[in-house]
Engineer: 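I am attaching a structure below and will ask some questions about it afterwards.
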There are 2 protein chains.
Amino acid sequence: MGEKSAVRPGGRSARVQRAVHEAVQALDEEVPRDKLTVPQVAERAGVTPSTIYRRWGNLKELLADVAAERLQPDAPVADTGSLEGDLMAWAGVYMEEMRSTPGQQMLADTLGSASTEQRQRCLQAQQDQLRLILSRAEARGETPLPTVEALLDGIMAPLTYRLSYAPQTLSRACLERWVAATLR
Amino acid sequence: MGEKSAVRPGGRSARVQRAVHEAVQALDEEVPRDKLTVPQVAERAGVTPSTIYRRWGNLKELLADVAAERLQPDAPVADTGSLEGDLMAWAGVYMEEMRSTPGQQMLADTLGSASTEQRQRCLQAQQDQLRLILSRAEARGETPLPTVEALLDGIMAPLTYRLSYAPQTLSRACLERWVAATLR
DNA sequence: CCCTTAAAGCAAATATTTTGCGTTAGAGGA
DNA sequence: TCCTCTAACGCAAAATATTTGCTTTAAGGG
């Protein structure tokens, strides 16, 4: 369920998907989450509710699909000239985004859905970003280089944990601590 | 919303809450999650649907409330004789529980709800458990002792991160690595 | 250009959620 | 103990949302 982008990529299906995704994002800024309904999304997207139910099954799955897409990185990772700087910059942006109200919402939508598919996509995207940062560091000759796994466990894991359980205790200082400890 | 246990603790309210919680847990083992409905829970609990809607608002909040309660530790933490042993034992049990299908469900229910209230409860419970383990270690004279925060960031965070994003990559070896690294 | 079919539309049938109002059970005081 | 007060529940009607069978549309392949 979810992405049918492999099938008939340029056709009606794709148009409907885009319209529905955009409708969700637009409505998300107008109505509180527990007031968001499928018929509402359908009307805004210009499709019938049954189209959404047939394709996504229920609101939860739709929201997870939209959130997973929005969590895909759009901006390229800044190149600050050092591994530590790149990690701080990237993780810092991610932290700010996810601490915001819409960010917390996206996190909840992703983690609240039944299928692990969307979460896999997010993890994959994070790994890709980290790999890019590491390959730059390697090109610069920085050493020793941590593994992607070490970065996930040392930086992304505590960051994500706090985003879910105690977002107010997060700060840039936390990040600096985790980055420094992981690069040691 | 959620716990009204402070108000009229032994009365009708408390009975209804218990009946509803038990109904959710029972039905959770019989029907797939996306087929679970409020009227179904209401019938099993012997209350009317409107009672549930008035008290919990919607199914998502109810599920989050039930999950948060189930996530409260029931068994006391085993005393293995060493800090490392206690941590491994406790985290190991938690890992196994949360990797199971019902455990993954509980995690999703908790993280998927809007209010941070339930998540705070879970974090609080984890902190309490860790504090108990640390106080035992202190009584034994083990030193140096890590802080609760260090244990959360070093062990619980990577564990929780993987439980959500890549549960199949988890193993006892991961735990051993995190525990060892954190105690160093 | 025509054929095939996956996906969308439509509308009727179900199921759910919401709401107004009457009822009940428990808490607190005389 | 009995009386009063009120939060929470039950009931049932109304409003919404979801499901489903059937029809129509439009994109892909020959």
Side-chain angles (χ1 to χ4, degrees), chain A residues 1-24 26-28 30-66 69 109 112-115 117, chain B residues 1-24 27-28 30-66 69 109 112-115:
Chain A
M1 225 135 283
E3 298 289 278
K4 295 294 187 300
S5 48
V7 185
R8 301 190 175 181
R12 183 167 57 162
S13 251
R15 275 202 309 279
V16 167
Q17 165 159 334
R18 199 169 46 251
V20 169
H21 276 219
E22 282 169 5
V24 168
L27 285 169
D28 200 21
E30 299 173 20
V31 304
R33 170 53 49 91
D34 62 332
K35 298 297 172 200
L36 192 66
T37 65
V38 170
Q40 213 177 358
V41 172
E43 184 179 352
R44 175 73 67 107
V47 302
T48 58
S50 64
T51 293
I52 295 182
Y53 288 119
R54 284 228 161 84
R55 196 151 159 186
W56 281 277
N58 55 48
L59 184 60
K60 205 154 83 172
E61 292 300 312
L62 171 58
L63 292 175
D65 188 34
V66 173
E69 182 178 276
D109 291 342
S113 92
S115 79
E117 194 185 326
Chain B
M1 221 134 288
E3 299 290 279
K4 293 296 188 301
S5 47
V7 186
R8 302 189 174 181
R12 183 166 58 162
S13 251
R15 275 204 308 281
V16 167
Q17 165 159 334
R18 199 170 45 252
V20 169
H21 276 221
E22 281 169 6
V24 168
L27 284 169
D28 199 22
E30 298 173 21
V31 304
R33 172 51 50 91
D34 62 331
K35 297 299 171 197
L36 193 64
T37 66
V38 171
Q40 212 177 357
V41 173
E43 184 179 352
R44 175 73 66 107
V47 303
T48 60
S50 63
T51 294
I52 295 182
Y53 287 118
R54 284 225 162 85
R55 194 150 163 189
W56 282 276
N58 55 48
L59 183 60
K60 207 154 81 173
E61 292 301 313
L62 170 58
L63 292 176
D65 187 34
V66 172
E69 183 178 276
D109 291 342
S113 93
S115 80

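Chain A is the first sequence line, chain B the second, and so forth, proteins listed ahead of strands; every chain is numbered from 1.
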Engineer: D/dC9, C/dA8, C/dT16: which one has an atom nearest the side-chain heavy atoms of B/Arg55?
Structural biologist: D/dC9

Engineer: With B/Arg18, which residues qualify under side-chain hydrogen bond (donor to acceptor under 3.5 Å, both in side chains), at least two apart?
Structural biologist: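 side-chain hydrogen bond (donor to acceptor under 3.5 Å, both in side chains) list for B/Arg18, sorted by chain: empty.
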
Engineer: Table please: side-chain donor-acceptor pairs of residues 34-41 of chain B below 3.5 Å, with sequence neighbours left out.
Structural biologist:
{"residue": "B/Thr37", "atom": "OG1", "partner": "B/Gln40", "partner atom": "N", "Å": "3.3"}
{"residue": "B/Gln40", "atom": "OE1", "partner": "B/Thr37", "partner atom": "N", "Å": "3.1"}

Engineer: Within a strict 4.5 Å, meaning less than it, do heavy atoms of the A/Asp65 and A/Glu117 side chains meet?
Structural biologist: no

Engineer: To the nearest 10°, give me the bend of the helix from C/dC1-D/dG30 to C/dA30-D/dT1, comparing the axes of its five terminal pairs at either end.
Structural biologist: 40°

Engineer: Tell me the interatomic distance from B/Trp56, atom CH2, to C/dT18, atom C1', rounded to whole angstroms.
Structural biologist: 17 Å

Engineer: Looking at B/Glu61 and B/Ser115, what are the two nearest heavy atoms and their distance?
Structural biologist: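 Looking at all heavy atoms of both residues, the closest pair is OE1-OG, 3.9 Å.
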
Engineer: Testing A/Asp28, A/Asn58, A/Asp109 for side chain to side chain contact (heavy atoms under 4.5 Å, CB included) with A/Leu63, which one passes?
Structural biologist: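 With A/Leu63 as partner, side chain to side chain contact (heavy atoms under 4.5 Å, CB included) holds for just one option, A/Asp109.
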
Engineer: Starting from C1' on D/dG10, measure out to CD1 on B/Ile52 and report it in whole angstrom.
Structural biologist: 13 Å

Engineer: If you take all heavy atoms of B/Arg44 and B/Ala23, which pair is closest and at what distance?
Structural biologist: CG-CB, 3.6 Å

Engineer: From C-beta outward on B/Tyr53, which listed nucleotide comes closest to its side chain: C/dA7, C/dT18, C/dG9?
Structural biologist: C/dT18

Engineer: 5'-most contact on DNA chain C: A/Val16 or B/Pro39, nearest heavy atom basis?
Structural biologist: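 Looking at DNA chain C, the more 5' nearest nucleotide goes with A/Val16.
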
Engineer: When the distance from CZ of B/Arg15 to C1' of C/dA25 is rounded to whole Å, what number comes out?
Structural biologist: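 Taking CZ of B/Arg15 and C1' of C/dA25, I get 8 Å after rounding.
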
Engineer: Roughly how many Å is it from CD in A/Gln17 to P in C/dA6, rounded to a whole number?
Structural biologist: 18 Å

Engineer: Identify the two heavy atoms, one from B/Arg55 and one from B/Ser13, that lie closest to each other, and give their separation to 0.1 Å.
Structural biologist: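 So the two residues come closest at NH1-O, 3.1 Å.
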
Engineer: Please list, chain by chain and in numerical order, all residues satisfying side-chain hydrogen bond (donor to acceptor under 3.5 Å, both in side chains) with B/Thr48, sequence neighbours excluded.
Structural biologist: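 B/Thr48: side-chain hydrogen bond (donor to acceptor under 3.5 Å, both in side chains) contacts with B/Ser50, B/Thr51.
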
Engineer: Can you list the residues that meet the side chain to side chain contact (heavy atoms under 4.5 Å, CB included) rule with A/Ala42, with sequence neighbours excluded?
Structural biologist: A/Val47, A/Pro49, A/Ile52

Engineer: Could you state the CD-P distance from B/Glu43 to D/dG10, rounded to the nearest angstrom?
Structural biologist: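 Whole-Å distance recorded here is 13 Å.
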
Engineer: Without decimals, in angstroms, what is the distance between B/Leu62 CG and C/dT16 C1'?
Structural biologist: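 To the nearest whole Å, that distance equals 15 Å.
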
Engineer: Can you tell me how far C1' of C/dT19 sits from CG of B/Asn58, to the nearest Å?
Structural biologist: 17 Å

Engineer: Would you list the protein and nucleotides 11-13 of chain D atom pairs, both N or O, that sit under 3.5 Å from each other?
Structural biologist:
{"residue": "D/dC11", "atom": "N4", "partner": "B/Ser50", "partner atom": "OG", "Å": "3.1"}

Engineer: Could you state the atom-to-atom distance from CG of A/Leu59 to C1' of C/dT17 in whole Å?
Structural biologist: 15 Å

Engineer: For C/dG9, does OP1 or OP2 lie under 4.0 Å from any side-chain N or O of A/Arg12?
Structural biologist: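 For C/dG9, neither OP1 nor OP2 has a side-chain N or O of A/Arg12 closer than 4.0 Å.
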
